[in-house]
Amino acid sequence: GESVGLHLPTLSVQEGDNSIINCAYSNSASDYFIWYKQESGKGPQFIIDIRSNMDKRQGQRVTVLLNKTVKHLSLQIAATQPGDSAVYFCAERLNRDDKIIFGKGTRLHILP
Amino acid sequence: DVKVTQSSRYLVKRTGEKVFLECVQDMDHENMFWYRQDPGLGLRLIYFSYDVKMKEKGDIPEGYSVSREKKERFSLILESASTNQTSMYLCASSLLRGFADSPLHFGNGTRLTVT
(Lines give C-alpha, C1' and ligand atoms only; values in the text may rest on other atoms or scores of the structure.)
Protein backbone atom coordinates (compact mmCIF):
# COMPACT_ATOMS: atom_id res chain seq x y z
CA GLY A 1 0.00 0.00 0.00
CA GLU A 2 0.90 3.66 0.04
CA SER A 3 3.77 4.55 2.29
CA VAL A 4 2.74 8.18 2.26
CA GLY A 5 -0.62 9.16 3.69
CA LEU A 6 -2.50 12.09 5.09
CA HIS A 7 -4.38 12.59 8.32
CA LEU A 8 -7.35 14.42 6.77
CA PRO A 9 -8.78 14.29 3.28
CA THR A 10 -10.36 17.76 3.63
CA LEU A 11 -9.35 20.83 5.63
CA SER A 12 -11.37 24.05 5.98
CA VAL A 13 -9.61 27.22 7.09
CA GLN A 14 -10.77 30.78 7.55
CA GLU A 15 -9.26 33.28 5.15
CA GLY A 16 -6.34 35.00 6.85
CA ASP A 17 -5.68 32.17 9.28
CA ASN A 18 -2.72 29.84 9.04
CA SER A 19 -3.22 26.40 7.49
CA ILE A 20 -1.45 23.25 8.57
CA ILE A 21 -1.60 20.23 6.30
CA ASN A 22 -0.21 17.01 7.70
CA CYS A 23 1.33 13.95 6.14
CA ALA A 24 2.55 10.69 7.64
CA TYR A 25 5.13 8.48 6.00
CA SER A 26 5.92 4.93 6.98
CA ASN A 27 9.48 4.40 5.79
CA SER A 28 12.18 5.78 8.04
CA ALA A 29 14.70 5.40 5.19
CA SER A 30 12.98 8.04 3.04
CA ASP A 31 15.42 10.88 2.46
CA TYR A 32 13.67 13.50 0.35
CA PHE A 33 10.18 14.99 0.63
CA ILE A 34 8.18 17.33 -1.56
CA TRP A 35 4.90 19.23 -1.28
CA TYR A 36 2.74 19.90 -4.33
CA LYS A 37 -0.36 22.01 -4.88
CA GLN A 38 -2.94 21.02 -7.49
CA GLU A 39 -5.64 23.46 -8.47
CA SER A 40 -8.73 22.33 -10.30
CA GLY A 41 -7.99 21.56 -13.95
CA LYS A 42 -4.23 21.93 -13.56
CA GLY A 43 -1.25 19.68 -12.96
CA PRO A 44 0.51 19.50 -9.59
CA GLN A 45 2.67 22.51 -8.90
CA PHE A 46 5.89 22.22 -6.88
CA ILE A 47 5.72 24.21 -3.64
CA ILE A 48 8.69 23.27 -1.49
CA ASP A 49 11.00 20.35 -0.76
CA ILE A 50 13.11 19.21 2.17
CA ARG A 51 15.90 16.69 2.66
CA SER A 52 16.02 14.32 5.59
CA ASN A 53 19.04 16.08 7.07
CA MET A 54 16.86 19.12 7.76
CA ASP A 55 13.85 19.56 10.05
CA LYS A 56 12.52 22.85 8.73
CA ARG A 57 12.57 24.81 5.54
CA GLN A 58 10.82 28.07 4.69
CA GLY A 59 9.60 29.49 1.44
CA GLN A 60 7.35 32.36 0.57
CA ARG A 61 4.42 32.08 3.02
CA VAL A 62 5.05 28.34 3.38
CA THR A 63 7.04 26.30 5.85
CA VAL A 64 7.69 22.57 5.73
CA LEU A 65 8.45 20.74 8.96
CA LEU A 66 9.94 17.27 9.09
CA ASN A 67 9.80 15.18 12.25
CA LYS A 68 11.77 12.02 11.58
CA THR A 69 11.13 10.63 15.06
CA VAL A 70 7.43 10.18 14.35
CA LYS A 71 7.75 10.12 10.55
CA HIS A 72 5.60 13.18 10.09
CA LEU A 73 5.70 15.95 7.50
CA SER A 74 3.64 19.12 7.58
CA LEU A 75 3.06 22.11 5.35
CA GLN A 76 2.20 25.40 6.99
CA ILE A 77 0.67 28.18 4.91
CA ALA A 78 0.67 31.60 6.52
CA ALA A 79 -2.27 34.01 6.12
CA THR A 80 -4.29 31.68 3.92
CA GLN A 81 -5.77 33.31 0.83
CA PRO A 82 -8.56 32.25 -1.54
CA GLY A 83 -5.91 31.35 -4.10
CA ASP A 84 -4.58 28.70 -1.73
CA SER A 85 -7.69 26.61 -2.29
CA ALA A 86 -6.43 23.38 -3.87
CA VAL A 87 -5.47 19.78 -3.21
CA TYR A 88 -2.10 19.43 -1.52
CA PHE A 89 0.05 16.32 -1.98
CA CYS A 90 3.06 15.22 -0.07
CA ALA A 91 5.58 12.96 -1.77
CA GLU A 92 8.57 10.99 -0.56
CA ARG A 93 11.57 9.31 -2.07
CA LEU A 94 12.96 6.20 -0.43
CA ASN A 95 16.52 6.82 -1.52
CA ARG A 96 18.43 8.33 -4.46
CA ASP A 97 17.85 5.25 -6.59
CA ASP A 98 14.15 5.03 -6.00
CA LYS A 99 11.15 6.73 -7.48
CA ILE A 100 8.99 9.32 -5.81
CA ILE A 101 5.77 8.12 -4.15
CA PHE A 102 2.81 10.47 -3.87
CA GLY A 103 0.17 10.63 -1.16
CA LYS A 104 -3.47 10.89 -2.11
CA GLY A 105 -3.91 14.53 -1.17
CA THR A 106 -5.75 16.88 1.19
CA ARG A 107 -8.28 19.32 -0.18
CA LEU A 108 -7.94 22.77 1.39
CA HIS A 109 -11.13 24.87 1.52
CA ILE A 110 -10.88 28.56 2.32
CA LEU A 111 -13.82 30.00 4.22
CA PRO A 112 -14.65 33.68 3.64
CA ASP B 1 9.97 28.90 -14.81
CA VAL B 2 9.92 25.37 -16.09
CA LYS B 3 7.32 24.82 -18.72
CA VAL B 4 5.96 21.36 -19.42
CA THR B 5 3.44 21.39 -22.24
CA GLN B 6 1.03 18.63 -23.05
CA SER B 7 -0.39 18.86 -26.53
CA SER B 8 -4.04 18.19 -25.69
CA ARG B 9 -6.16 19.09 -22.67
CA TYR B 10 -9.03 16.78 -23.63
CA LEU B 11 -9.18 13.75 -25.90
CA VAL B 12 -12.00 11.37 -26.71
CA LYS B 13 -11.05 8.11 -28.42
CA ARG B 14 -12.77 4.86 -29.27
CA THR B 15 -11.86 1.45 -27.90
CA GLY B 16 -9.11 -0.12 -29.98
CA GLU B 17 -7.72 3.14 -31.36
CA LYS B 18 -4.02 3.92 -31.13
CA VAL B 19 -3.55 7.05 -29.05
CA PHE B 20 -0.55 9.37 -28.86
CA LEU B 21 -0.09 11.79 -25.95
CA GLU B 22 2.68 14.31 -26.50
CA CYS B 23 4.72 16.22 -23.95
CA VAL B 24 7.45 18.84 -24.39
CA GLN B 25 9.62 20.52 -21.77
CA ASP B 26 11.68 23.63 -22.39
CA MET B 27 14.27 23.49 -19.60
CA ASP B 28 16.72 20.89 -20.89
CA HIS B 29 15.70 18.49 -18.12
CA GLU B 30 17.25 15.03 -18.10
CA ASN B 31 14.25 13.09 -16.84
CA MET B 32 10.72 12.84 -18.12
CA PHE B 33 7.79 10.93 -16.69
CA TRP B 34 4.27 9.85 -17.49
CA TYR B 35 1.72 9.43 -14.67
CA ARG B 36 -1.96 8.76 -14.61
CA GLN B 37 -4.18 10.25 -11.93
CA ASP B 38 -7.43 8.61 -10.87
CA PRO B 39 -9.78 9.42 -7.97
CA GLY B 40 -8.91 7.41 -4.90
CA LEU B 41 -5.74 6.03 -6.48
CA GLY B 42 -3.60 9.13 -6.64
CA LEU B 43 -0.68 9.48 -9.04
CA ARG B 44 0.70 6.28 -10.53
CA LEU B 45 3.88 6.11 -12.58
CA ILE B 46 3.51 4.55 -16.03
CA TYR B 47 6.93 5.06 -17.64
CA PHE B 48 9.92 7.32 -17.26
CA SER B 49 13.05 8.18 -19.18
CA TYR B 50 16.52 9.30 -18.08
CA ASP B 51 17.85 10.06 -21.52
CA VAL B 52 17.08 10.10 -25.21
CA LYS B 53 15.99 6.70 -26.52
CA MET B 54 15.99 5.34 -22.99
CA LYS B 55 12.88 4.20 -21.10
CA GLU B 56 12.07 2.45 -17.86
CA LYS B 57 8.82 0.87 -16.72
CA GLY B 58 7.02 2.40 -13.82
CA ASP B 59 4.36 0.79 -11.67
CA ILE B 60 1.64 0.32 -14.29
CA PRO B 61 3.22 0.02 -17.77
CA GLU B 62 0.80 -2.58 -19.15
CA GLY B 63 -1.05 -1.33 -22.21
CA TYR B 64 1.31 1.60 -22.72
CA SER B 65 4.55 2.35 -24.49
CA VAL B 66 6.70 5.47 -24.74
CA SER B 67 9.08 7.16 -27.11
CA ARG B 68 11.84 9.66 -26.44
CA GLU B 69 13.56 10.57 -29.69
CA LYS B 70 14.57 14.04 -28.55
CA LYS B 71 15.55 15.24 -25.09
CA GLU B 72 12.69 17.71 -24.83
CA ARG B 73 9.91 15.42 -26.02
CA PHE B 74 8.36 12.35 -24.39
CA SER B 75 5.40 10.58 -25.96
CA LEU B 76 2.99 8.14 -24.35
CA ILE B 77 1.36 5.63 -26.67
CA LEU B 78 -1.73 3.57 -26.02
CA GLU B 79 -1.40 0.80 -28.57
CA SER B 80 -5.07 -0.20 -28.40
CA ALA B 81 -7.09 2.04 -26.14
CA SER B 82 -9.45 0.45 -23.63
CA THR B 83 -12.11 1.96 -21.40
CA ASN B 84 -10.02 1.32 -18.28
CA GLN B 85 -7.46 3.74 -19.68
CA THR B 86 -9.89 6.61 -19.27
CA SER B 87 -7.97 8.90 -16.95
CA MET B 88 -6.05 12.11 -16.43
CA TYR B 89 -2.54 11.74 -17.84
CA LEU B 90 0.21 13.92 -16.43
CA CYS B 91 3.65 14.45 -17.91
CA ALA B 92 6.51 15.66 -15.72
CA SER B 93 10.18 16.47 -16.01
CA SER B 94 13.02 16.92 -13.55
CA LEU B 95 16.45 18.42 -13.87
CA LEU B 96 18.87 15.82 -12.60
CA ARG B 97 19.46 12.33 -13.88
CA GLY B 98 17.77 9.64 -11.87
CA PHE B 99 15.79 10.54 -8.80
CA ALA B 100 18.26 12.98 -7.30
CA ASP B 101 17.08 15.85 -5.11
CA SER B 102 15.21 17.49 -7.92
CA PRO B 103 11.44 17.97 -7.82
CA LEU B 104 9.18 16.93 -10.66
CA HIS B 105 7.55 19.69 -12.68
CA PHE B 106 4.20 18.77 -14.18
CA GLY B 107 2.20 19.76 -17.21
CA ASN B 108 -1.50 20.56 -16.92
CA GLY B 109 -2.60 17.12 -17.95
CA THR B 110 -4.56 15.45 -20.72
CA ARG B 111 -7.96 14.13 -19.78
CA LEU B 112 -8.52 11.08 -21.96
CA THR B 113 -11.90 9.44 -22.35
CA VAL B 114 -12.10 6.08 -24.11
CA THR B 115 -15.58 5.12 -25.25
Side-chain angles (χ1 to χ4, degrees), chain A residues 1-6 9-10 21 23-27 29-54 57 59-60 62 64 66 73 75 86-107, chain B residues 1-10 21 23-25 27 29-50 55-61 74 87-111:
Chain A
E2 287 282 338
S3 68
V4 178
L6 293 139
T10 304
I21 302 170
C23 182
Y25 63 97
S26 59
N27 200 314
S30 292
D31 66 352
Y32 177 57
F33 304 88
I34 313 168
W35 279 101
Y36 286 92
K37 171 187 180 183
Q38 187 173 22
E39 297 175 89
S40 181
K42 296 185 177 180
Q45 176 187 1
F46 168 73
I47 302 173
I48 193 167
D49 58 1
I50 188 168
R51 295 175 180 79
S52 58
N53 61 353
M54 304 169 69
R57 190 168 187 215
Q60 188 176 15
V62 295
V64 55
L66 177 62
L73 188 70
L75 177 71
V87 175
Y88 290 81
F89 297 92
C90 62
E92 67 172 322
R93 186 192 68 196
L94 182 60
N95 56 57
R96 287 182 68 90
D97 296 323
D98 211 343
K99 57 184 176 290
I100 290 172
I101 300 170
F102 290 86
K104 292 189 171 58
T106 293
R107 183 173 296 279
Chain B
D1 275 354
V2 176
K3 191 163 176 67
V4 178
T5 303
Q6 295 183 231
S7 55
S8 304
R9 291 300 304 276
Y10 301 95
L21 303 184
C23 175
V24 176
Q25 50 95 3
M27 287 300 291
H29 281 182
E30 297 289 331
N31 305 318
M32 297 189 75
F33 307 82
W34 276 106
Y35 288 84
R36 62 178 284 178
Q37 185 177 32
D38 301 286
L41 297 176
L43 285 153
R44 292 182 290 168
L45 181 62
I46 304 171
Y47 267 98
F48 58 100
S49 169
Y50 293 151
K55 60 184 179 183
E56 291 284 345
K57 292 180 180 179
D59 298 319
I60 52 164
F74 193 36
S87 186
M88 170 70 86
Y89 289 88
L90 290 162
C91 176
S93 70
S94 66
L95 177 62
L96 301 174
R97 187 179 180 86
F99 291 100
D101 298 348
S102 173
L104 275 62
H105 296 270
F106 286 87
N108 278 329
T110 296
R111 186 167 292 282

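Here is how names work: the chains are called A, B, and so on, in the same order as the sequence lines, proteins then strands, and each is numbered from 1.
Of all non-hydrogen atoms in F102(A) and L104(B), the two that sit nearest each other are CZ-CD2, 4.5 Å. P103(B) approaches I34(A) most closely through the heavy-atom pair CA-CD1, 4.1 Å.
Applying the side chain to side chain donor-acceptor pair (under 3.5 Å) test to R44(B) and every residue at least two apart in sequence or in another chain returns D38(B). Considering only residues two or more places apart in sequence or on other chains, R51(A) meets the side chain to side chain contact (heavy atoms under 4.5 Å, CB included) condition with Y32(A), N53(A), D101(B). With sequence neighbours excluded, the residues satisfying side chain to side chain contact (heavy atoms under 4.5 Å, CB included) with S7(B) are E22(B).
For Q6(B), no part lies under 4.5 angstrom from a heavy atom of chain A.
Against chain B, the residues from residues 40-48 of chain A that qualify, each with a non-hydrogen atom under 4.5 angstrom away, are G41(A), K42(A), G43(A), P44(A), F46(A) in number order.
Rounded to the nearest 0.5 Å, atoms OH (Y35(B)) and CD1 (I100(A)) are 6.0 Å apart. Rounding to the nearest 0.5 angstrom, the gap separating the CG atom in L41(B) from the NZ atom in K104(A) is 7.0 Å.
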